[in-house]
Amino acid sequence: MNGSQLPPLLPPSASTVSGELDLLFAYITAISVFFAVGIAVALAVLAVLYRRKPGDGPPPQIHGSTALELVWTVIPLLIVMSFFVWGTDLFFRMRTPPIEPLEIFVVGKQWMWKIQHQEGPREINELHIPVGQPIKLTMTSEDVIHSFSVPAFRVKQDVLPGRYTTMWFEATKTGTFHLFCTEYCGTEHAGMGGSIIVMEPNEYQVWLGGGGAGESLTDAGERLFGQLGCATCHGDQAGARGPSLTGVYNSEVSLAGGGSVTADESYLRESILEPATNIVAGYDAIMPTYRGQISEEGVLQLVAYIRSLGDPAAAGATGAAAAGEAGQ
Amino acid sequence: MSEQAAPRRRNRGRYEGDVPREHYLNVAYGLKSWLLTVDHKRIAILYLLSITGFFAIGGLFAAIIRMELMTPTGDLMSSEVYNRVFTLHGVVMVFFFLIPSIPAVFGNFFLPMMIGAKDLAFPRINLASWYIYTIGGIFTLAAIIAGGVDTGWTFYTPYSSTYSNSAVALTAIGVFINGFSSIFTGLNFIVSIHKMRAPGLTWMRLPLFVWAHYAASIIMILGTPVVAIAIFLIAVERLLGVGIFDPALGGDPILYQHLFWFYSHPAVYIMILPSMGVMSEVIACFSRKRIFGYAFIAASSLAIAVVGFLVWGHHMFVSGQSAYVSMVFSVLSMLVAVPSAVKVFNWLATLWRGSISFETPMLYAFGFLGLFTVGGLTGLYLGTLATDVHLHDSYFIVAHFHYIMVGGAVMGYLAAVHFWWPKMTGRMYSEFWGRLSAGLLFIGFNLTFFPQFLLGYMGMPRRYHFYPDEWQVLNVLSTAGASILGIAYLIPIIYLVYSLRYGPIAGPNPWHATGLEWTTASPPPQHNFETTPTVTEEPYDYSKAIENVAITPGAGPESPPSPAAPRS
Amino acid sequence: MSQRHGPVTAAVITGSMPEMDNDHGPLQHHFDDMAQQNESAALGMWLFLLTEVMFFGGVLTAYAVCRYLFHDAFAEGASHLDVQMGTINTIILIFSSLTMALAVRAAQMSKTKLLVGLLIATMVFGGAFLVIKGIEYEHKWVEHHVPGKYFQYDGPMANQVHLFFSFYFTMTGIHALHMILGIGWMIWLTIRSWRGDFSAAYFSPIEMTGLYWHFVDIVWIFLFPLLYLFGAGAGAGH
Ligand code: HEA
Ligand code: HEA
Ligand code: CUA
Ligand SMILES: [Cu+2]
């Protein structure tokens, strides 16, 4: 077009899973090409061999062959099962984050990505990350469904309103890569993208510190916690109207209606926005709803703060809990 | 001018008779005789006309999409307009063209004839289904006039239910209404196949076209009501402002996706199964052979219909659904591919030792075999969990389904048009132009959609109005292909219409095919059969079907061929 | 199309069919005999009901999912429904099923007057059901429990209760629509019965309508406990 060489036909491969995914892709492609070309060639050969010639009599009327039917049922079956097994194995590995990933929070909104780092920096439509470090994103949407997609990493996850979804990846190359929203979300869907900037860890530290990062996520949460008056009920003193939030993260909470739930991020979020949905055993449903009063980013900050209040299994549990999430 | 003599001179050995004095087309004239008809053949013609109309509308939208995507900047129209264009393209093509296409036109016309019946079991319901289709279509056209709709053909919530500012409710109601026409058609087919077969026409003697429609009908009556209710709930949600699918109001957006795909995955088999039925007829006829593995092809249609109901979750692998659920849907998606493979191999085996000729319908059948295989195999990339994460909602998906729906289903539809045109109209079309446009279609098609596989793997998301510069080359190729494709669709419209008046007379059985529909005059009489035929043979017995003359279009024996199935 | 009607040279089947009178006689021209026609009608009706099962199945699934998600809110919403009226309606509908079944029998025995009477009774019961339903809707309207702009509910779970009422109105509304269509069709059947169209020899329309009507009743038998009884005892809300 512009005289320069043709663009490459493969996307950059820049994460720990992209190599294996390409390999799986190549494997399926090899088999598909074998069948597609095989069928095309067979078609051509048969068409030439058995084309109608003058003077031909009626061809033999063959009914079929059960043995052949079996062959071409079983062979494709085995082949597709191999796709399934490999694909599923890789898929589970792609969903299970390693221990102690770097956690980053993402809020999707028509039509931008708002990103918050634990340490404080926020960015829009750009995500700076260090190379060689597993990153876990906890994501939610303020309006419709979006999807966070980084082709160079071969990862993608829908971002839903009203709940948290997570994804993780580990970049293996520095550079700038496309970030897309791949779930149709309205007018500017095509513009809801940006870039992932992968940096050397030391550069990343510099980037984090630069530009007046402001307060960290937990600090912001603590400030909100005070502003919204949560402490009036959730003080740690005995006889408080609400349960103590210290150590609640990742604990088993027994509910008034019987049963119990694990207090993960989604549960905490719901407790703040829809407190009436799950009532903690031994308490009344007096907590007001904060829906409409706190933005999704604010909720993320509160959740981060509550998490920082202690965790029954101490450090390392984050990874374990996250591993558990792979099955959700 | 002497329209009678001209074609005669051009065609050696053509059918010497004339069209029958009285047939379904001329028993009555006037608008009323058409709009109030209960004759399945006339209803089929009504459908043929309306479906062609909707195809043109859908194709026009496709042309606009491709024009816009020629440049990366999105300079031809605003994003609002682009989003409406691809949504309407999808809605019109899926609900108003492809789902009704073969069943409502060729199923309606030939299924009763193939089973030796005078009509479908419920002729009035059949007519009603066309009216329902038309009313649904009017709603959708009204939605276009009211500013269009911009949700994508999938109507995902909560975008469609709360956020979109377009005529969602109007379109939703249109699609909802249209669903009932599909239900009525399916119901009519199943009852007719069960209760109206001619004496001697056992299940194992049914043409495979009928089997395919039987399988598709099961999906129509079991799946359509579910999407109807899902889309109805969207309309309710929008009109009343309640929250079934909107989390901000307490609902669950993923629930909608389950309801939608519970129908819309099986619906893809509504689109492909009838086409597969056409393949069996055409391939047997033009290789003059019994279908290889008849029972396996029939059974695989049913297998596809049944297993097809259990795989809907493969559209939701990255939606946040449980990984274990995804795993189950993945393995089931793999299973549903196997019966399709069985069919392809059986068709190939039918060619083996046949006596193959290459008339237009057969060329389309060859196109189908090649393109459906590619489309189906790329479906396996998507059924595989890990690869789908990367490919989901990229142009790879767009390429996958166009390979199956355009390369497969539409090719099957065109094969059917060319195969049965002489029967429906009594006239032959121009074989030269037929072959030419089939070839053009094949080339244009691959040029349009193959680059999209590459774009998809590189990560180009679908439903994008503009895109990064590095993908322009492939997009330009795709647009170039679409231009060829568009021409290849226009040519048949011209020569088919031309043939109505100037085409050589076809005679009852120009292809020397087996099957009860070929034992009637062309065009068939109003009630199909004078006396109910009795069937004594298996289908596709080409050993007896007329001396093995080289078939040239319009060439027929001097006298009507001895029917494969003698009538009592 | 061609205007030429040359002589038919080939001995093909022509279109000359003796025109049958297919509008008034019970046997339609495209069937061979009454048995085939009746069997087709029966199969058609059963398939249609299968479609209906899937149709209601769709809403019921949606309802079940939401009820699971918002258990308490749905119980609270349900407690605002009038169990008494619901029960009365259930009984009325069961009676209408009974009269419908008897109507089919009357047709089978060629008792025209009885048939007409029973059809009217069925319609009266059906009408009564709709009137009571209407009164219930009225109450909801007054209480601002009709979903949409005017919905009002004080309480921590207002959104989910709103959702419950959306389901309530959607499901009972679709059900009522089915009843209205059924009654409309029955009016036509009553006229035909009065004319004496049905007898032991031909009663399949009555029988099919019976199937449909029983189906609509069964749907209600599902809806009633799912919507009304679920919240019973959870609190009085009127
Ligand atoms: C007629 C339409 C049609 C048909 C028949 C199919 C058939 C199949 N489809 Fe496709 N599909 C669509 C239309 C269709 N699809 C559409 C429209 C979408 C997008 C919807 C949207 O989001 O807008 C879609 C999307 C789609 C997805 C979701 C992708 C995503 O959004 O992430 C998946 C995932 O599994 C999938 C899989 C399959 C499979 C496994 C088949 C199988 O049935 C294919 C079976 C066929 C074969 C396998 C070929 C024959 C085989 C051989 C000749 C021999 C060799 C065989 C083996 C080795 C097995 N399809
Ligand atoms: C049966 C279904 C069907 C058919 C036949 C087609 C046919 C075509 N489709 Fe489409 N397509 C879909 C179903 C179909 N499509 C669906 C379901 C979607 C997804 C929508 C969504 O995301 O919601 C889609 C999306 C889709 C996209 C992606 C848009 C996006 O994601 O941004 C593209 C892009 O190239 C495309 C192109 C084409 C082309 C070039 C054709 C060509 O084959 C068409 C060629 C035809 C012509 C060029 C017209 C020929 C001219 C006439 C018949 C006469 C017209 C005459 C007058 C107006 C007088 N389609
Ligand atoms: Cu956000 Cu698309
Ligand atoms: Cu699918």
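The figures here come from the full heavy-atom set of this structure, side chains too, leaving out hydrogens, waters and symmetry mates. Since this is a predicted model, take the numbers as computed values, not measurements. We name chains A, B, ... by the order of the sequence lines, and we start the count at 1 in each one.
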Quick check on the interface: out of Val325(B), Thr154(B), Val344(B), Leu391(B), who has the most heavy-atom pairs with chain A under 4.5 Å? Leu391(B)
Between Asp246(B), Ile254(B), Val331(B), Val374(B), which residue shows the highest count of heavy-atom pairs closer than 4.5 Å to chain A?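 The option with the most such pairs is Val331(B).
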Any side-chain to backbone donor/acceptor pair from [X] onto [Y]? Under 3.5 Å, distance only.
{"X": "Gln61(A)", "Y": "Arg290(B)", "answer": "yes"}
{"X": "Arg52(A)", "Y": "Ile356(B)", "answer": "no"}
{"X": "Lys289(B)", "Y": "Pro60(A)", "answer": "no"}

Closest approach of [X] and [Y], non-hydrogen atoms and distance?
{"X": "Ile62(A)", "Y": "Trp352(B)", "result": "CD1-CZ3, 3.6 Å"}
{"X": "Arg288(B)", "Y": "Pro59(A)", "result": "O-CG, 3.0 Å"}
{"X": "Pro468(B)", "Y": "Phe180(A)", "result": "CG-CZ, 4.0 Å"}
{"X": "Leu160(A)", "Y": "Ser319(B)", "result": "CD1-O, 3.5 Å"}
{"X": "Pro158(B)", "Y": "Asp143(A)", "result": "CG-O, 3.8 Å"}
{"X": "Leu348(B)", "Y": "Ala42(A)", "result": "CD1-CB, 4.3 Å"}

Using the six-membered ring wherever Trp is involved, compare the ring planes of Tyr324(B) and Phe92(A) and label them parallel, tilted or perpendicular (cut-offs 30° and 60°).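 Taking Phe92(A) first and then Tyr324(B), their aromatic rings sit tilted (interplane angle of 30° to 60°).
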Do the ring planes of Phe25(A) and Phe396(B) sit parallel (below 30°), tilted (30 to 60°) or perpendicular (above 60°)?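 Ring orientation, 0 to 90° scale: perpendicular.
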At under 4.5 Å between heavy atoms, what parts of residues 72-80 of chain A are in contact with chain B? List them by residue number. Trp72(A), Thr73(A), Pro76(A), Leu77(A), Val80(A)
Measure the shortest side-chain to side-chain distance between Met334(B) and Val85(A) over non-hydrogen atoms and say whether it is less than 4.5 angstrom.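 Side-chain contact under 4.5 Å: no.
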Among Tyr156(B), Phe86(B), Tyr82(B), which one satisfies ring-ring contact (aromatic ring centres under 6.0 Å, His included) with Tyr184(A)? Phe86(B)
Could you point out which residue of Tyr159(B), Tyr467(B), Tyr464(B) forms a ring-ring contact (aromatic ring centres under 6.0 Å, His included) with His189(A)?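 For His189(A), the ring-ring contact (aromatic ring centres under 6.0 Å, His included) test succeeds with only one of Tyr159(B), Tyr467(B), Tyr464(B), which is Tyr464(B).
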Value rounded to 0.5 Å, distance of [atom1] in [X] from [atom2] in [Y]:
{"X": "Thr88(A)", "Y": "Met327(B)", "atom1": "OG1", "atom2": "CE", "value": "6.5 Å"}
{"X": "Ile39(A)", "Y": "Leu369(B)", "atom1": "CD1", "atom2": "CG", "value": "8.0 Å"}
{"X": "Ser18(A)", "Y": "His390(B)", "atom1": "OG", "atom2": "NE2", "value": "9.5 Å"}
{"X": "Leu385(B)", "Y": "Trp86(A)", "atom1": "CG", "atom2": "CH2", "value": "14.5 Å"}
{"X": "Arg353(B)", "Y": "Leu49(A)", "atom1": "CZ", "atom2": "CG", "value": "12.0 Å"}

Step-by-step side-chain hydrogen bond (donor to acceptor under 3.5 Å, both in side chains) determination, His465(B) to Glu188(A): CA-CA 8 Å; His465(B) 173 220; Glu188(A) 289 299 318; over 6 Å; no
Show the numbers, then the answer: is there a side-chain hydrogen bond (donor to acceptor under 3.5 Å, both in side chains) between Gln157(A) and His392(B)? CA-CA 10 Å; Gln157(A) 172 63 51; His392(B) 174 75; over 6 Å; no
Name the member of Leu43(A), Thr165(A), Leu90(A) that forms the most heavy-atom pairs with chain B at distances under 4.5 Å. Leu43(A)
Candidate pair Val318(B) and Glu183(A), rule side chain to side chain contact (heavy atoms under 4.5 Å, CB included), full reasoning: CA-CA 10 Å; Val318(B) 301; Glu183(A) 181 60 63; over 6 Å; no
Using a cut-off of 6.0 Å, state whether more than 12 heavy atoms not belonging to Phe450(B) lie near its atom CZ.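 Atom CZ in Phe450(B) is not crowded, with 12 or fewer foreign heavy atoms closer than 6.0 Å.
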Side chain / backbone / both / neither for Thr151(B) at chain A, heavy atoms under 4.5 Å: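 Backbone of Thr151(B) only, per the 4.5 Å heavy-atom cut-off to chain A.
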Is Asn165(B) close to chain A through its backbone or its side chain, or both, or neither, when contacts mean heavy atoms under 4.5 Å? neither
Check the pair Val389(B) / Met167(A) against side chain to side chain contact (heavy atoms under 4.5 Å, CB included), numbers first and verdict last. CA-CA 11 Å; Val389(B) 171; Met167(A) 73 192 278; over 6 Å; no
